Structure formats: C-alpha cells, structure tokens
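Computed from a predicted model, the values in this text were never measured in an experiment. Numbers restart at 1 for each chain; the letters A, B, ... are given by sequence-line order, proteins then strands.
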Protein chains: 2
Amino acid sequence: MNSPITLDALKVLDAIERRNSFAAAADELFRVPSAISYTVNKLEEELAITLFDRSKRKAQLTPIGKMIVEQGRLILKATDDLTHMAKQSAEGWELELRICIDSILLFKPIYALIAEFQQQYPWINIRVTEEVFGGTWDALTAGRTDLVIGATGEAYNSDFILRPLGEIDFVFAVAKNHPLVQEPQPISSSKIKQYPSIVVSDSSRHLPARSAGLLNGQPRISVPSVDKKIEAHLLGLGVGFLPIHRIEEYLKAGELVALNVKKTESRKSELSMAWHKDNQGKALAWFVKRIQNMKLF
Amino acid sequence: MNSPITLDALKVLDAIERRNSFAAAADELFRVPSAISYTVNKLEEELAITLFDRSKRKAQLTPIGKMIVEQGRLILKATDDLTHMAKQSAEGWELELRICIDSILLFKPIYALIAEFQQQYPWINIRVTEEVFGGTWDALTAGRTDLVIGATGEAYNSDFILRPLGEIDFVFAVAKNHPLVQEPQPISSSKIKQYPSIVVSDSSRHLPARSAGLLNGQPRISVPSVDKKIEAHLLGLGVGFLPIHRIEEYLKAGELVALNVKKTESRKSELSMAWHKDNQGKALAWFVKRIQNMKLF
DNA sequence: CATTTAGTTCAAAAGGATTGAAGTAATGAA
DNA sequence: TTCATTACTTCAATCCTTTTGAACTAAATG
C-alpha cells in the first residue's frame with residue numbers, strides 16, 4: 001500500500017479545479033505556477049495517468065482527473081475532520097461518553113438531548129445503559145459509566161459529585177380490577193401483605209443491593225426494570241409503589257388505581273445526576289448543564 | 001483548510017501501532033528509527049497534541065493517538081482505493097456504465113448480475129434504465145446509454161454492434177374470464193378486433209416509433225411497459241400478444257389463457273444486446289460476456 | 001549494578017520541492 | 001495574417017525539509 005497520491009497533490013488539484021487555472025491555483029496556494037505544474041506532472045507520472053488534457057491553451061481535467069478531484073476532496077475533508085476531532089479531544093472533549101440512566105426515568109427526553117448533541121459533535125460516541133437503583137451507583141464506582149442520570153440516595157463516597165434533579169413522587173397503585181380496590185382506604189399493611197408485591201430488582205453487581213420500599217413479609221415478584229413493573233401492575237400480578245410521572249396516563253385512563261395506604265415510607269425519592277469529580281470532560285459538562293434545565297419526571 | 005496531518009505521518013503511525021514499536025516501524029518503512037521519531041514529533045508539535053505516552057520505555061499511544069491511527073487507516077484506505085480506481089479507469093474500466101433494458105425482459109437476473117459486478121468493482125457506477133421497443137435504440141443512438149439489453153430488430157446503422165440473445169416467443173393471451181376464451185379456436189382477426197388491444201407504447205424520443213404486432217382497426221389501450229401490459233391483460237382490459245417467459249406463472253395458474261389465432265405475425269421476436277462499436281470499456285465487455293451465457297427469457 | 005532494549009537528539013548530508021527566467025503553444029484582436 | 005496576450009512548461013540554480021548515523025538518555029531485566 002504505497003499510494004503515489006499525497007494530500008498536497010490533492011490540494012493542488014482541488015485548487016486548480018476550483019479556480020479553473022494553474023496560475024490561479026498557484027496564486028491561491030502561494031506558489032509559483034511552475035511548482036503547480038511540477039506537482040501535477042509528478043502525480044501524473046507516478047500514477048501513469050493523464051489527469052489534464054493540455055491540447056488546448058487551458059488545461060482541462062480528464063474524466064479520471066475529475067474523479068480524482070472529487071474523491072480527493074472527500075479525503076481532504078476527512079483529514080481536516082480528523083484534525084478537528086483531535087484538537088477537540090485535546091481540548092477536553094471526550095472521545096466517548098457513557099451515560100447511565102435509571103430505569104425510573106423517561107428515556108425519551110434524554111434521547112432527544114443526545115440527538116441534539118450528536119448533531120453538534122458527531123464524532124463523539126454516546127453509549128447509553130439502563131440500570132436500576134443501586135445499579136447506577138455500581139456502574140459509576142466500577143467505572144462502567146461516566147454520568148448517571150437518576151441516581152438515588154446519597155453518594156457512597158466523596159469521589160462523586162451529585163447534582164439534585166428533584167423529588168420523584170410515588171403512589172401505591174394497583175390494576176383497576178384488583179381486589180384491593182374494593183377495600184376501605186387507607187389500606188392496612190396486613191391487607192397489602194396478602195398480595196404479591198412487584199419489586200424492581202437492583203442491578204448492582206458489586207455494591208450491596210438496596211431495597212426500595214418493600215413491605216416486609218410479602219410474596220415478591222422481581223422484575224428487571226420499571227417498565228416491566230408497570231406492565232406487571234397493569235396485569236394485576238401484584239401491587240406496590242410506582243413513580244407518578246410514569247403512570248399518569250394509566251391513572252387517567254383508569255387502568256391503574258392509586259390507593260391510600262397507612263405506611264408512608266418511600267413515598268418520595270430524591271433523584272440526582274452523579275459523576276466522578278475527576279471527570280472534567282466537556283461533553284459531560286454539556287449534558288449536566290442541559291439536563292439541569294429539563295423536566296425528566 | 002490546512003491540516004498538519006500528512007499521509008506519510010499516518011502511514012508511520014499505522015506501522016508503529018501494528019508493530020507496536022518505533023524501531024520495528026522504522027524497519028518496515030525502510031527508515032532509520034530517528035526518522036520515525038522525527039515524523040511523530042513533527043506531527044505532535046504541529047497538532048499540539050501528545051500522541052504517545054513516553055513515560056515508559058515503550059512508547060504507548062494515547063487515546064487520541066489511537067483514534068488518529070484508526071481514522072487515519074480509513075483515510076489511507078481511501079487514498080489507496082482512489083489510486084486503484086484511477087488505475088483501473090486508465091486501463092479501460094469505465095467510471096460509469098449505463099445499461100438500458102427492454103421492458104420485455106425479466107430484470108431480476110440482470111440485477112443479480114449487477115450486484116455481482118458491484119462486489120468486484122464497487123467504484124463503478126451502474127445506471128439502469130428501462131425502455132420499450134425502439135426506445136432502447138433511441139437511448140443508444142442519442143448516447144443516453146452504453147449497453148442495450150433486449151434491443152429488437154436491426155441496427156439503425158453500422159455504428160453499433162449487435163449480439164443476438166435469441167428469439168422470444170409471444171402468445172396471444174387473455175384473462176381467464178374474457179369472452180374470447182369461449183370462442184372456437186383459431187380465433188379470427190375480426191373477432192379479435194372487437195376487443196381493445198393493449199399496446200406497449202414505444203418510448204422512442206427521436207427515432208420513428210415502431211409498432212409491435214398491432215392488429216389494425218382495433219381500439220387500443222396504450223401502456224408504458226410490459227409489466228403494465230400484463231396487469232391490463234390480467235384485469236381483462238384487453239387482448240394481445242405477450243412474451244411467454246413473462247406470463248408462464250399466470251398461464252400455469254390459469255389466470256391468463258393462451259389462445260390460437262389465425263394471424264401468425266409477431267409470434268417471435270429476435271432480441272439482442274447492442275452497444276456502440278467505439279465503446280471499448282471493460283465493464284461493458286464484462287457484462288456482454290456474462291449476459292451471453294444467461295437465460296433472460 | 002551492568003546489560004539490554006527503546007526511543008531521542010543533533011550535526012551533517014541528501015534530495016525533493018520551489019523559484020524565476022526563458023520557452024512554447026493556443027487564442028483572439030487589430 | 002500578424003502580433004500581443006494568456007496559459008502552461010522546462011530547466012538550472014537554490015532552498016529547505018527529510019533522512020541519516022553516531023552518541024545519548026532512560027526504563028526494564030536479572
């Protein structure tokens with residue numbers, strides 16, 4: 001792989017084509033016409049291909065020459081982009097940003113934000129993962145992610161920066177035809193314990209798993225995400241607390257019913273963004289800044 | 001747009017990464033280690049970016065360096081491909097080949113052939129058009145196409161080379177519930193004239209239009225392609241001759257019925273490939289050679 | 001602590017790129 | 001037709017970038 005094509009030659013060809021003249025190209029490139037001639041001749045010789053038809057006074061690109069100019073421009077653009085990418089990276093823009101989103105949140109607005117980011121910084125890879133409860137902290141401490149959106153509770157240590165997103169409201173919700181709907185409210189803990197509770201299992205792999213508002217002694221059904229928990233509630237498989245913002249439509253449509261319960265634990269939960277304090281990445285900062293002004297629940 | 005990146009520097013980076021050593025890269029590139037060092041230093045200086053971590057004995061690519069190597073390889077590949085393309089073009093391979101197919105033929109085997117060609121010569125653009133009867137000749141004489149597949153009749157002048165593809169059989173076919181099916185065969189011309197005939201209109205733009213086997217005095221319905229003619233026949237809109245190979249399935253399924261008619265004109269038609277005798281293109285030759293061994297009808 | 005391995009530095013040399021003057025060839029105006 | 005102009009080419013001289021090789025530094029290895 002030893003191509004006789006050089007970026008300099010491509011630049012020269014590009015200039016000649018755009019200005020439609022060797023002399024004008026020489027002028028543009030701050031060279032003397034003979035230098036342009038030399039470069040073109042060398043390329044033609046090494047390729048053993050005629051790029052210009054010189055039978056007329058004005059040198060005219062041959063079809064092959066034209067193709068090389070066109071393709072060459074793409075190559076020049078690519079090297080230019082590469083330079084730009086490298087410069088940006090050196091200035092603190094990540095090559096890749098890993099975002100971990102708690103399954104309690106609506107992903108849609110975040111995806112919209114990512115799309116916007118990609119338009120501005122198309123060379124930065126964004127990798128999104130979904131975790132549940134402690135799983136987000138786990139991903140952060142294990143270095144599997146750069147930014148957690150929707151971290152719950154306190155930081156495990158001072159290596160992380162927390163930025164609150166607000167409190168999320170939970171309600172005790174069951175399917176419309178669930179037996180508990182017929183009970184007088186507030187519903188006692190002992191009544192609730194007669195039905196299986198749907199529990200989103202913590203996706204922590206290393207840190208001690210957190211439990212989220214379990215009413216002890218109840219039969220449990222574990223599901224891997226809040227989406228699945230909502231489905232389970234809708235099917236009447238069990239009962240439990242759900243984030244209001246995720247089930248508003250179901251409550252309005254009457255498919256889920258919010259019930260008053262005696263125990264008040266876990267009715268609210270503080271959500272945050274979190275990232276490692278050493279991470280000075282500009283893409284990270286961009287997302288933190290933009291997400292702060294967003295309503296995610 | 002004056003990128004400090006050069007193809008030579010990218011080659012050097014590539015070699016270093018692959019061989020995992022400056023010395024080995026120098027060896028591979030028939031240079032002295034200091035020359036490699038020089039090239040890398042110059043690039044780093046001009047980009048103002050550290051590409052190698054030299055704190056250890058073995059220089060280690062930084063993440064940005066790695067990205068540049070990876071992207072750089074794509075650029076090297078592109079210039080290499082460009083060289084290859086140019087060489088091939090100079091050797092007589094077209095930059096673009098325009099193929100004009102008569103609508104009477106099955107396009108599928110031709111598309112399969114084009115797909116195969118594209119795998120071998122991915123940089124050559126293939127442009128397919130569809131024409132009807134004289135339209136193919138028209139496209140050729142007007143220079144709108146390079147190769148006609150399925151040209152009918154004689155060449156208009158000696159500027160073109162004809163290569164016969166064989167004879168195509170036509171049958172007089174009508175829809176299964178058409179009144180003509182009830183008539184005793186062979187069916188007389190006067191009976192036929194009572195029903196509209198479906199005529200594929202010639203797509204010639206400059207040459208005198210040819211007519212294909214019209215039974216004179218009949219009401220006509222003109223359609224733009226053989227596909228549409230078959231549809232019209234199936235719907236019972238009219239009658240006429242159809243190429244057997246295109247309606248075999250409908251005949252087998254009984255949706256169309258082939259009838260015996262008295263007039264025997266236009267029962268067969270000689271089809272050919274045709275191209276301009278000055279066209280020495282290798283892609284053209286490739287297609288001519290391959291199509292000769294194919295069964296297109 | 002000596003030895004080996006890996007890359008860097010630097011002055012000297014090589015050689016490719018640039019220059020400018022002279023030349024050629026097509027175009028177009030007088 | 002002639003002559004000036006435009007457009008590119010040729011070529012020897014010059015410049016300056018790249019390469020070289022010897023000497024050097026610094027990390028790993030045992």
Q: For nucleotides 21-30 of chain D, just jot down a letter per nucleotide in 5' to 3' order: B, S or -, based on protein non-hydrogen atoms under 4.0 Å.
A: B-----BS--
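- Nucleotide dT9(D) holds its P atom 11 Å from the CD1 atom of I36(A), rounded to whole Å.
- For E96(A), the salt bridge (charged side-chain N to carboxylate O under 4.0 Å, His left out) test picks out R127(A), with sequence neighbours left out.
- F22(A) has its CZ atom 16 Å from the P atom of dA26(C), to the nearest Å.
- Qualifying side-chain contact (heavy atoms from CB on, under 4.5 Å) partners for E28(B), counting only residues two or more places apart in sequence or in other chains: A15(B), R18(B), R19(B).
- Here the C1' atom of nucleotide dT20(D) and the CZ atom of F30(B) are 17 Å apart, to the nearest Å.
- Taken over five-pair windows at either terminus, the axes of the helix from dC1(C)-dG30(D) to dA30(C)-dT1(D) are inclined to one another by 30° (rounded to 10 degrees).
- Rounded to whole angstrom, the span from the CG atom of L61(B) across to the P atom of dG7(C) amounts to 11 Å.
- The salt bridge (charged side-chain N to carboxylate O under 4.0 Å, His left out) search around R163(A) returns none, not counting sequence neighbours.
- In this structure, S89(A) contributes its side chain and I64(B) its backbone to no donor-acceptor pair below 3.5 Å.
- Considering only side-chain N and O atoms, N41(A) lies under 4.0 angstrom from the phosphate OP1 or OP2 of dT10(D).
- Between the CD atom of Q60(A) and the P atom of dT6(D) there is a distance of 20 Å, rounded to whole Å.
- For L162(B), the side-chain contact (heavy atoms from CB on, under 4.5 Å) partners two or more places apart in sequence, or in a different chain, are W137(B), A155(B), S272(B), A274(B).
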Sub-3.5 Å pairs of nitrogen or oxygen atoms, protein against nucleotides 16-18 of chain D:
{"unit_1": "dT18(D)", "atom_1": "OP1", "unit_2": "K42(B)", "atom_2": "NZ", "d": "3.4"}
{"unit_1": "dT18(D)", "atom_1": "OP2", "unit_2": "Y38(B)", "atom_2": "OH", "d": "3.0"}

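- Put simply, S37(B) has no side-chain N or O that comes within less than 4.0 Å of OP1 or OP2 on dT9(C).
- Taking atom CG of residue D27(A) and atom P of nucleotide dT19(C), one finds them 12 Å apart after rounding to whole Å.
- Residue pairs meeting the side-chain hydrogen bond (donor to acceptor under 3.5 Å, both in side chains) criterion with at least one partner in residues 281-290 of chain A, sequence neighbours excluded, are E116(A)-R290(A).
- Take E94(A) and apply the salt bridge (charged side-chain N to carboxylate O under 4.0 Å, His left out) test, not counting sequence neighbours, and it matches no residue.
- Evaluation of the ring-ring contact (aromatic ring centres under 6.0 Å, His included) test over residues 59-78 of chain B, restricted to residues two or more places apart or in two chains, returns none.
- At whole-Å resolution of the value, CD in E45(A) and C1' in dG16(C) are 13 Å apart.
- Residue pairs meeting the ring-ring contact (aromatic ring centres under 6.0 Å, His included) criterion with at least one partner in residues 13-41 of chain A, sequence neighbours excluded, are F22(A)-F52(A).
- Across all their heavy atoms, D146(A) and L140(A) have their closest contact at O-CD1, 3.8 Å.
- Under the salt bridge (charged side-chain N to carboxylate O under 4.0 Å, His left out) criterion, K277(B) pairs with D159(B), sequence neighbours left out.
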